[in-house]
Amino acid sequence: VNFTNLANANFVVMFLDADESKTVPSQVAPLAPWMGLEVVNGIESLPDEIYCIAYGRTSDAPPFGYIGSVVVVKAENPPRLRKSCIQEEMSQALGLANDGANIRPSIFNDDEEFAYLTAHDEFLLKMLYDPRLADGMTPATQAPILRQVAQDAMKKSLIF
C-alpha cells in the first residue's frame, strides 16, 4: 500500500481488517508524525469489542487546537454499524470528543439510542465551527459568544 499522499494529512480515516490493524498504523505514523506512538499502539491493540475509535491530537502549546485526527473503523463491521461509526467517530475527531449520558438526542449518548447523527448533533458541529469561536478561548470568553451563536443558529433552523 502506498501512503505517500498522506505526507501533509491532518485527518486520516482508516478502514482496517484484523490483520491490517496490526501493521498499517506503524506504516502511516511516519507520514503523520502528530499521531504519536500511543495512538499507533492503541490502534494496533484495539480490543475486539471496540468497533471504531477516534483519536484527536492537540498542540502542546497554546492555543491547544487540534493538529491532527485519526479515525479507525473495523472493516468487518456490518453496513449499518460502519455508517454509524463513520458519523460518530468523524464528528468526535472534528471536536465533539466526549460521549455522555446527558447528551440527548444525540449519537453521543452512551445508551446508543441513536445510530446516526441527529439534527442536534449537526447543530453542535455548526456551533463548534462558528468563526466567532477560536482555539484557546477561556470558558468565560466562550460563554456569551456561544449563547449568541446558539440564538443565531436557532433563528435560521427549522428544527428548533
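Keep in mind that what you see is a predicted model, and the values were worked out from it rather than measured.
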Count the heavy atoms of every other residue, nucleotide or ligand shown that sit under 6.0 Å from CG of D111, and state whether that count exceeds 12.
->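 Atom CG in D111 is packed in, count exceeds 12.
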Answer yes or no: are there more than 12 heavy-atom neighbours, outside Y66 itself, under 6.0 Å from its atom OH?
-> yes
Within the 4.5 Å heavy-atom criterion, are [X] and [Y] side-chain neighbours or not?
X    : Y    : value
S21  : V72  : no
F123 : M154 : yes
L46  : L16  : no
L117 : S91  : yes
L146 : L133 : yes
L81  : K74  : no
W34  : V12  : yes

Do the side chains of [X] and [Y] join up, straight or via other hydrophobic residues, at under 4.5 Å, putting them in one cluster?
X    : Y    : value
L94  : L96  : yes
V28  : V70  : yes
I67  : I43  : yes
I86  : V24  : no
M137 : Y129 : no

Non-hydrogen atoms of [X] and [Y] that approach each other most closely:
X    : Y    : result
D121 : P105 : OD1-O, 4.1 Å
V71  : A54  : CG2-CB, 4.2 Å
R80  : A115 : NH2-CB, 3.4 Å
V40  : A29  : CG2-CB, 3.5 Å
E89  : I53  : OE1-C, 3.5 Å
G65  : D135 : CA-OD2, 3.2 Å

[X] side chain vs [Y] backbone, donor-acceptor pair below 3.5 Å:
X    : Y    : answer
Y55  : E38  : no
H120 : S106 : no
K22  : E44  : yes
D99  : N109 : no
R57  : M35  : yes
D152 : V149 : no
Q87  : Y116 : no

Separation of I145 CD1 from R147 CZ (nearest 0.5 Å) |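 Atom-to-atom, R147:CZ and I145:CD1 are 10.0 Å apart.
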Can you measure from CD1 (I103) to CG (N98) and round to the nearest 0.5 angstrom?
-> 7.0 Å
